[in-house]
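Working notes, structure below.
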There are 2 protein chains.
Amino acid sequence: MEQIETDGTTAALTGSARAVFRRLVEDGPSTRPQIGNALHLSRPTMSAAIAELERPRYVEMIGAVQGSFGRSAAQYRVGSGAGHVIAVDAGSTHVRVRVSTLDRRLLASRILRLPASQIAINEEVSRAVAAEVAAARAAALPGWGPLRVLGLALPTRVVGLGGDVISTRQEVVFSAFTPPPGVTLVLENNVNCAAVAEQHYGAARGASGFAYVQIGLKIGMGLVLGDQLIRGRNGAAGEIGHLSFPFAPGASPVPGEAEHYLGTEAFIGRVRADWPEIAGPSPIDTAELLSMAESGNADALRHVERHASDIGAVVATCVSVVDPGLVVLGGGLGASPLLLPGVREAANRLSYPVEIRNTLLGTDATVMGIERLAIEAAMTLLIGEEA
Amino acid sequence: MEQIETDGTTAALTGSARAVFRRLVEDGPSTRPQIGNALHLSRPTMSAAIAELERPRYVEMIGAVQGSFGRSAAQYRVGSGAGHVIAVDAGSTHVRVRVSTLDRRLLASRILRLPASQIAINEEVSRAVAAEVAAARAAALPGWGPLRVLGLALPTRVVGLGGDVISTRQEVVFSAFTPPPGVTLVLENNVNCAAVAEQHYGAARGASGFAYVQIGLKIGMGLVLGDQLIRGRNGAAGEIGHLSFPFAPGASPVPGEAEHYLGTEAFIGRVRADWPEIAGPSPIDTAELLSMAESGNADALRHVERHASDIGAVVATCVSVVDPGLVVLGGGLGASPLLLPGVREAANRLSYPVEIRNTLLGTDATVMGIERLAIEAAMTLLIGEEA
DNA sequence: TTTGTTAGTTAACCTGCCTAACACAAAAAC
DNA sequence: GTTTTTGTGTTAGGCAGGTTAACTAACAAA
């Protein structure tokens, strides 16, 4: 009943072998005794598991580690048979690509700056993705093993097969880009990706629930509750840019108005309209406004404070709905420590106690998150049912 | 290595025995072949599992079922050794008690109407809970087996051992009520309980995620996402009464103001203030308002419509944050079909597509939900790790 | 009474882990 | 340079928890 894996499909592995493989993927190179102790596996079981995993080159020995006494221990890592993944962040200003093994050793990375900021995903972005993926694949070496999964982070809502694909613009990314056949495709919203990255590698490491709030050209949120990413029925969970606004007695709320009020365009517009002539030239964009505020400009500081307070009110709304306990601020404005105190004050004044932190990953968060999701999908392919 | 279970602690059961027991708890009496087919267990394994479960009386045979041909099949159900649970809904107007076996056979039930509507939980409620629980326990028969779990649904935030218990008032229920020693206690917010009940037995059966919105004296929400109840770091997930309000440019939002505006007190106040003198006497409470609206009174209908629209705006806020895809309306006003179209229209206009339904369980939802949670806790006690 | 069909038990086996005991390698002790 | 100490890896055997195969038991219809 031996299942010969000619291509990259699931080989029938024993439970302990799966656990060992997962451990090597998650925690990087380890010696046999380290793995055995961590997973509470006996040495014979470790021997059997390693033997199982070495046959399809899922793992490979990379050396021996000598302790103070005794025989040296063999060290293993994920092997070439496990293959690799390509992670792509198709953003509005850049296309970022990471090619990595399942244990996140970087095989190649590319960054393309788009000629102009693309407000929505379009054919230009699609062409750029096609070119970058082709370039990454052309550089492939035999030691990379098979390509298991291609992950794509998109600045749109993303719905699965059952959903209403038309209403999202997610298909536009394929207008000029044909994904390689036979490779599993993983699509995810870019803010959700950033949240995943913060959860595993960034400011939310160790938290079982938190909200990642992106504050930039658009505003959005990625929600992780009970250790799992919340996507929503229409892929719209966390679409706080779509909150209706204003919300007051007698007022007529307009859907999506929160984004128009809180996005950088409207924000910088209000700043410039309100800028006193004697204070010199008004800032041209939020980056300039931030640097003016950093150097102590009182008018700039006042506007940043005000915006932080507005963001805090939105954060408070989210806190009242899901009570995540932790909020990580990201995106162009959210990465700045200047907004942090204002958001923190407003959110805690208006709702339940919540910790607020800045991103630790910055612009790399999205591509790291889609990389993580691609690796998880590859693990499901290889050993089934990632725990 | 045989573990003799003298009291009610975990007996070391085999995996298949646990699965059989769980199946009997969840789906009620079944024959051996039914269970075996459903769980893909061979007949020898079924024999072993049943034998294991019969020794501690976790299951018992209750008869034989005859098919069209062949030998009749033995039918089993959960036995007295599995014990029972007590579920208590300590509400603001009633205290409801259900005593049931783990497979939800009702052993006893009690309803006490409180002398006056208690706006918050207090010693009066605590005394009532003590009396009702004592009465239920006094009626216990030997066939009920041991009391495994006491579940309490409370109209407060509920936090676990790690949390800030002081801020929640949840301890007030124990001011005059001492829970029976040695019995596992399960506390949960009453709206969350109602959500759990709708998820398993009511309007949200089969949905993997939805929001239960309670509209009555207070407003609140219970969130189920990815099949699990979302409680939040401070037990405040779904506390939409605590949303700050108003939320508009230049306005100063006040925390908790949403409840003051949307609760029945303020609502009926606005109705009475606005009531035209020629329309006759104004309604005294929302129940009267609803019945006037039902019989076609135009002024009553107008106010109900307006309120539905306000509720719809809050629902839209929740939909934009978590996109549950389904919202179940409950509570005194939420149970009425009159509000449904207005909420549905406003929510879908202001946010993403969302199905809106009325509760199917009404005032029983909370006690049924805490019963379910108590049973789940009892299962964890008996077989560990409820899947 | 025979026959066909379904229910349950017994026997034998398989998988996936374990412990016990032994063989092996490398530093430390002599 | 041998021997000891200590940790690494393998071999042998056992056990838990499932399987299939084959038999016995029970019951309705012919």
Side-chain angles (χ1 to χ4, degrees), chain A residues 1-4 10-24 29-55 58-77 383-385 387, chain B residues 1-4 10-24 29-55 58-77 383-385 387:
Chain A
M1 294 288 283
E2 186 75 338
Q3 182 86 7
I4 299 298
T10 306
L13 291 175
T14 181
S16 53
R18 277 198 285 264
V20 168
F21 185 56
R22 185 151 42 222
R23 152 90 198 199
L24 284 172
S30 315
T31 65
R32 279 160 83 133
Q34 281 168 358
I35 302 169
N37 291 337
L39 302 178
H40 303 112
L41 294 175
S42 68
R43 281 173 296 176
T45 305
M46 275 301 303
S47 282
I50 293 283
E52 260 183 288
L53 292 169
E54 276 185 321
R55 204 149 18 95
Y58 282 5
V59 308
E60 62 190 18
M61 205 182 61
I62 53 169
V65 173
Q66 183 60 54
S68 9
F69 301 106
R71 180 171 169 177
S72 52
Q75 191 178 37
Y76 292 82
R77 74 170 183 195
I383 65 174
E385 302 310 303
Chain B
M1 293 290 283
E2 187 74 336
Q3 183 87 6
I4 299 296
T10 305
L13 291 176
T14 183
S16 53
R18 277 198 284 265
V20 168
F21 185 56
R22 185 152 41 222
R23 152 88 199 199
L24 283 173
S30 314
T31 64
R32 279 161 82 133
Q34 281 168 357
I35 302 169
N37 291 337
L39 302 179
H40 304 111
L41 295 176
S42 65
R43 282 173 295 177
T45 305
M46 274 301 303
S47 281
I50 293 283
E52 260 183 288
L53 292 168
E54 274 184 323
R55 203 147 20 95
Y58 281 5
V59 307
E60 62 190 17
M61 206 181 61
I62 54 169
V65 172
Q66 182 61 56
S68 12
F69 302 106
R71 182 173 171 174
S72 52
Q75 192 178 38
Y76 292 82
R77 73 171 183 195
I383 64 174
E385 302 311 303

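Quick note on labels: first sequence line is chain A, next is B, and so on, each numbered from 1. Everything numeric here is computed off the predicted structure, so don't read it as measured data.
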Regarding the side chain of B/Gln66, the nearest nucleotide among D/dG9, D/dC27, D/dT6 is D/dC27
A/Gln75 CD to D/dG9 P, in whole Å, measures 11 Å
Taken to the nearest whole Å, CD1/B/Ile50 to C1'/C/dT9 is 14 Å
Note: B/Arg32 and B/Tyr76 closest approach over all heavy atoms is NH1-OH, 3.1 Å
When B/Ser68 and B/Gly15 are each assigned the nearest nucleotide of DNA chain D, the 5'-most assignment goes to B/Gly15
Would B/Phe21 and B/Leu13 count as a side-chain contact (heavy atoms from CB on, under 4.5 Å) if you check the C-alpha gap in whole Å, the side-chain angles of each, and the deciding distance to 0.1 Å? CA-CA 10 Å; B/Phe21 185 56; B/Leu13 291 176; 5.6 Å; no
Here the distance between atom P of C/dC17 and atom CG of A/Leu39, to the nearest Å, is 11 Å
note: A/Leu13, atom CG; C/dT15, atom P; distance rounded to Å ~ 15 Å
Atom CZ of B/Arg18 and atom P of D/dG17 are separated, to the nearest Å, by 9 Å
Does D/dC27 have its OP1 or OP2 closer than 4.0 Å to a side-chain nitrogen or oxygen of B/Ser72? yes
Comparing nearest nucleotides in DNA chain C, the 5'-proximal residue of the pair A/Met46, A/Gly67 is A/Met46
For A/Ser72 and A/Ala64, the nearest pair of non-hydrogen atoms, with its separation, is OG-CB, 3.8 Å
> A/Ala48 near the nucleic acid: base, sugar-phosphate alone, or nothing, with a heavy-atom cut-off under 4.0 Å?
Replying inline: nothing
Taken to the nearest whole Å, CZ/B/Arg43 to P/D/dT24 is 15 Å
Taken to the nearest whole Å, OH/A/Tyr76 to P/D/dG9 is 7 Å
Quick one: is B/Ser16 getting a side-chain N or O under 4.0 Å of the D/dG18 phosphate, OP1 or OP2?
yes
Which of C/dA7, D/dT11, C/dA28 is nearest the side chain of A/Phe69? It is C/dA28
Taking D/dG18, C/dG8, D/dT10 as options, the one with an atom nearest any side-chain atom of B/Arg32 is C/dG8
task = Look at all strands and tell whether B/Pro33 reaches a base, only sugar-phosphate, or nothing, counting heavy atoms closer than 4.0 Å.
result = sugar-phosphate
Taking atom types as they are modelled, is there a donor-acceptor pair under 3.5 Å from the base of C/dT6 to the side chain of B/Arg71? no
One should read off an interatomic distance between B/Ile35 CD1 and B/Ser16 OG, to the nearest 0.5 angstrom, of 11.5 Å
Heavy-atom nearest pair, B/Ser30 first then B/Leu24, reads N-CD2, 3.8 Å
Item to complete: Check whether any side-chain nitrogen or oxygen of B/Ser42 sits under 4.0 Å from OP1 or OP2 of D/dT19, and answer yes or no.
Response: yes
| query | Has the side chain of A/Thr31 got a donor or acceptor atom that lies under 3.5 Å from a matching backbone atom of A/Gln34? | reply | yes
Side-chain contact check for B/Thr14: nearest option of D/dT8, D/dG18, C/dG8 is D/dG18
Closest of C/dC17, C/dT10, D/dA12 to the A/Thr45 side chain is C/dC17
note: A/Asn37, atom CG; C/dC18, atom C1'; distance rounded to Å ~ 16 Å
